[in-house]
Amino acid sequence: MGQYVSRVARLLPGLPTAAPTLFSLYKLMLSFRPALLRNGPTPPPSTNPPASPHEPTQPSSDSPLIDAGNCKKVPLPPRPPNICGTCWEGPLANQLGLLSRDDYSYLVSEYTLQRSTAEGCHWCRFVLDALDPSRTVIVQETEDPYKLPCEGEPKLVLRHWEHQSVFQMHFASFMEFKTSKSYVNVWTIRDDPAAKFIPHNDLLLDVGSRRTLGLAKECIHQCAHEHGRCRAITDHSVSHTLPTRLIDCADPLHPRLIHTTGIAKQDDKAYVALSYVWGAGNTRPAYCTTSANISVYTEGIGFNELPGTIRDAIRVTHDLGFRYLWVDGLCIIQDSKEDKHREIRYMRQIYRYASLTIVAASASGATEGFLQERSYAPPPTEILALPFICPQQPGNTTEASGYAEQPQVGTVYLHQRSTDRSDSPAPEHVDRRAWCFQELVMSPRSLIFTSQTVVFRCQTSTVNVGGAHHDGWFDTQRLPDELFESNHSTRADRYKIWRAWWKAVVDYSPRSVSFPSDKLVACGGVAEEFHRTFGSDYLAGLWRDSLLRDLLWRTLRSSAHLPRPRYRAPSWSWAAVEGGVELPDSIWSAKAEDAGAFAKVVNCSVGLEDDTIPFGAVDDGSLVMRAPLFCCAWGDVNGEDGSRIVSIATSQADLNSPKRGTIKSEKLYGRGWIDSESDSAVAPLRAALLLRTRQYHAKTGFHHGGMDREHHWWFLVLAPSSHNKPDNTEASNPGYEIGTTAFRRIGVFSVLQGAMRDMGWEDTLPPSVEIVII
């Protein structure tokens with residue numbers, strides 16, 4: 001409390017030295033509100049008519065000055081009619097804070113925004129549309145209960161990100177309360193005066209031209225020599241094994257397949273890898289290397305016999321100054337099971353140690369190619385054009401006035417980002433394929449040929465080649481640097497690594513595979529890198545050290561309608577279902593110390609399909625745990641996220657009831673998610689209580705600053721496994737005994753702790769029993 005009294009004392013002269021009560025302090029603040037806001041930009045309503053929209057305001061002899069550096073002052077250029085005087089002399093005179101390392105902020109009231117909007121100010125209208133200063137959801141930056149609600153004019157804060165191409169807006173009062181945030185893209189055009197300071201939006205469309213590939217080389221060179229973060233994780237002085245085979249592109253029209261044992265030690269061993277989509281169908285393409293043609297390919301590969309995507313990759317490799325290229329279809333003997341298994345084991349290293357990965361993102365198949373000239377994509381329709389007062393260049397002064405010359409005025413364009421991803425770019429073909437995920441995130445540097453232009457991506461940044469504005473809002477997540485270090489640190493933040501794994505799962509799980517058994521294989525390289533850093537046993541997509549939390553994944557609503565695939569993982573693994581998965585918020589945000597366990601894992605194991613691929617496919621798996629067991633039943637879907645009502649009960653009579661899906665005893669309700677709608681009619685169901693988590697969220701209401709703490713009790717929804725039924729039907733086993741029945745997971749749900757307490761269950765849980773989940 002004292003720190004807030006002292007803060008107000010500095011703002012309010014005459015504040016009593018004795019600490020007042022919270023109520024008296026609040027009344028005193030309101031009485032001194034004009035003193036607090038005497039410097040705010042909210043003058044009384046103007047009695048003069050607004051400037052004509054056809055005539056710019058003319059500067060007067062006492063026109064406001066702006067700082068031009070070196071103690072020089074610059075008169076502001078004439079104000080355009082679509083900007084109010086307050087905005088022209090404030091945020092626009094300061095370039096919206098885009099060129100500052102610090103946040104830019106100014107006081108502005110809702111009344112001022114509304115008045116200026118009515119008078120035609122485009123910036124005030126943009127702010128008013130993007131942020132509602134009257135919103136009552138208030139989030140404190142600390143948990144101090146004595147902070148008061150915002151009174152008076154909120155402070156509009158502009159915080160720039162991503163090299164001046166994005167900024168964040170939010171309102172905050174002097175008491176550090178915050179409301180919702182808005183994110184805005186900013187760009188200009190190539191020949192505009194503002195282009196010296198703000199990224200332009202003129203995308204390179206001739207993606208295969210010498211000019212474009214020359215600019216791509218500059219991006220690669222800059223990354224290799226100037227990005228300290230990238231240099232630290234791409235130290236190729238550390239010895240590593242080359243891929244078994246590479247394509248020699250020294251003569252791009254006459255490529256040949258070579259065995260890397262033939263590369264002399266003194267030769268440059270840098271190579272490029274290709275990430276691409278093979279195309280529809282499960283048959284092996286004719287161009288692939290086989291036992292029959294490998295001897296021919298070592299002499300030379302017919303360039304015109306190769307599909308367009310591989311021909312384009314050979315050309316790009318050569319034009320970028322590299323000699324060797326790795327392509328899976330050519331560098332792995334496709335009809336040799338032994339060769340495929342051996343090379344798949346080293347897949348993560350192939351992309352990890354490639355100097356560059358070419359990503360043919362725009363091509364739907366190998367025959368399509370990716371160097372076609374792109375079509376122009378118009379900018380978003382809802383954009384705001386604003387004048388941009390360019391900073392003064394050194395030495396531009398006039399002798400007569402002593403002032404610096406009047407600055408140039410360019411134009412910048414603003415577009416508010418959608419919070420629901422409705423304005424995100426359409427997914428590329430590689431974004432839908434499982435194998436392509438590993439190939440991208442394991443590559444320290446990638447040159448991505450998208451449907452619109454060429455993008456360079458490394459661990460430091462993602463940029464459009466040529467310098468055009470790049471919206472990285474929806475960029476695929478990067479793996480933590482710790483995973484790329486040659487000596488995996490035991491001091492790595494385990495919580496950070498665990499969250500990074502689940503970010504990877506969320507990105508990877510919706511992607512498709514041609515062969516269902518590849519679901520775990522295609523992310524095995526990523527899993528192995530996490531294992532080397534995380535140090536925990538890998539269990540078909542989950543980790544032994546965080547198993548209770550990992551078990552509580554849920555299927556996305558967009559995927560719940562998909563049928564279960566043929567067996568490729570135990571039911572408790574996310575790999576057992578089709579489509580995307582995620583962790584619920586309270587699980588995702590809960591550290592180990594925030595979770596209380598009710599269940600205990602007795603044993604968990606998986607059977608590998610191939611013992612030589614420890615992070616690959618599995619053909620068996622079981623989980624044995626002791627946990628309190630309840631009866632449960634699905635209700636109706638009632639949530640936008642596809643959640644269902646779940647009813648649960650505790651009586652032993654119901655636990656062994658022969659009636660399908662009926663619960664007679666006193667019950668309460670939770671919120672749950674079914675793994676696949678194909679299991680919606682399965683009964684009877686049981687629920688195993690695993691964890692209690694706590695989650696913090698903002699209190700709502702004008703007078704409710706602070707954070708609420710909410711406890712969730714998390715359950716797995718279980719059904720008897722068909723392995724126990726002689727005729728493989730649900731009806732054949734309506735009742736079952738614990739210890740003799742194996743279960744399978746079919747969903748997950750949570751109940752608020754308050755509901756458990758109201759039922760008297762919080763302190764009288766059923767005894768834990770041993771259950772087997774397969």
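Using modelled atom types, no side-chain atom of S105 and backbone atom of V157 make a donor-acceptor pair closer than 3.5 Å. Remark: side-chain polar atoms of S100 are paired, donor with acceptor, to backbone N or O of D102 under 3.5 angstrom. Side-chain atoms of T188 do not come within 3.5 Å of backbone N or O of A194 as any donor-acceptor pair. Using modelled atom types, one side-chain atom of Q459 and one backbone atom of L479 make a donor-acceptor pair closer than 3.5 Å. Formation of a donor-acceptor pair under 3.5 Å by the N94 side chain with backbone atoms of G97 is not found in this model. A donor-acceptor pair under 3.5 Å links the side-chain atoms of H200 to the main chain of D202, judged by distance alone. At least one donor-acceptor pair under 3.5 Å links the side chain of R79 to the backbone N or O of I83. Between the side chain of T462 and the backbone N or O of R457, no donor-acceptor pair lies under 3.5 Å.
Here the shortest heavy-atom pairing between C390 and P407 reads O-CB, 3.2 Å. Of all the heavy atoms in A224 and R445, the pair that sits closest is CA-NH2, 3.4 Å. Scanning all heavy atoms of the two residues, the minimum distance from R190 to A195 falls at O-CB, 3.3 Å. The minimum heavy-atom distance between V463 and S461, with the atom names listed, is CG1-OG, 4.0 Å. The two residues V207 and L213 come nearest to each other via the heavy atoms O-CD2, 4.1 Å.
Side-chain atoms of W187 and D192, non-hydrogen and from C-beta on, never get closer than 4.5 Å to each other. Residues L96 and L386 form a side-chain contact, since some pair of their non-hydrogen atoms from C-beta on lies under 4.5 Å apart. At a threshold of 4.5 Å between non-hydrogen side-chain atoms, the residues P387 and W88 count as touching. Side-chain atoms of T112 and T86, non-hydrogen and from C-beta on, never get closer than 4.5 Å to each other. Looking only at side-chain heavy atoms (C-beta outward), F388 and Q95 come within less than 4.5 Å of each other. L203 has its side chain out of reach of R374: every pair of non-hydrogen atoms, C-beta onward, lies at least 4.5 Å apart. Contact annotation: the side chain of C458 never approaches that of P444 to less than 4.5 Å [non-hydrogen atoms, C-beta and beyond]. Counting heavy atoms from C-beta outward, Q114 and C124 have side chains that stay 4.5 Å or more apart.
With sequence neighbours left out, the salt bridge (charged side-chain N to carboxylate O under 4.0 Å, His left out) criterion links R432 to no other residue. With sequence neighbours left out, E582 forms a side chain to side chain donor-acceptor pair (under 3.5 Å) with R554. Not a single side chain to side chain donor-acceptor pair (under 3.5 Å) links S116 to another residue, sequence neighbours left out. The side chain to side chain donor-acceptor pair (under 3.5 Å) check on R557 picks up nothing, with sequence neighbours excluded. Listed by chain and residue number, D641, R671 satisfy the side chain to side chain donor-acceptor pair (under 3.5 Å) test with S643 (two or more places apart in sequence, or in another chain).
Test L447, T450, V465, V359 against V455 for side chain to side chain contact (heavy atoms under 4.5 Å, CB included) and you get one pass: T450.
Salt-bridge annotation for R511 and D507: present, with a side-chain N of the basic residue lying under 4.0 Å from a carboxylate O of the acidic one.
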Yes or no on side chain to side chain contact (heavy atoms under 4.5 Å, CB included) for L556 and V581, after CA distance, side-chain angles and deciding distance?
-> CA-CA 5 Å; L556 299 180; V581 302; 5.8 Å; no
Determine, stepwise, if the pair Q452 / L205 fulfils side chain to side chain contact (heavy atoms under 4.5 Å, CB included).
-> CA-CA 7 Å; Q452 296 180 333; L205 304 179; over 6 Å; no
Check the pair L204 / L215 against side chain to side chain contact (heavy atoms under 4.5 Å, CB included), numbers first and verdict last.
-> CA-CA 10 Å; L204 293 176; L215 292 171; 3.7 Å; yes
Tell me, with the steps shown, if L356 and I220 meet side chain to side chain contact (heavy atoms under 4.5 Å, CB included).
-> CA-CA 8 Å; L356 178 75; I220 298 168; 3.8 Å; yes
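Annotation: the span from H415 atom NE2 to F126 atom CZ amounts to 8.5 Å, rounded to 0.5 Å. In this structure, CG in L113 is found 10.0 Å from CH2 in W123, a value given to the nearest 0.5 Å. Rounding to the nearest 0.5 Å places CG of N464 at 5.5 Å from OG1 of T453. Atom NE2 of H122 and atom SG of C84 lie 11.0 Å apart (nearest 0.5 Å). Once rounded to the nearest 0.5 Å, the distance linking CG of L128 with CD of E110 reads 6.5 Å. Distance CG/N82 to CD/E119: 13.5 Å, rounded to 0.5 Å.
Aromatic ring orientation, Y106 versus Y104: tilted (interplanar angle from 30° to 60°).
Residues R115 and Y111 have side chains that never bring a donor and an acceptor to within less than 3.5 angstrom of each other. In this structure, a donor-acceptor pair under 3.5 Å is absent between the side chains of S362 and S451.
Screening residues 207-227 for salt bridge (charged side-chain N to carboxylate O under 4.0 Å, His left out) gives D206-R211 as the qualifying pairs, with residues at least two apart or on separate chains.
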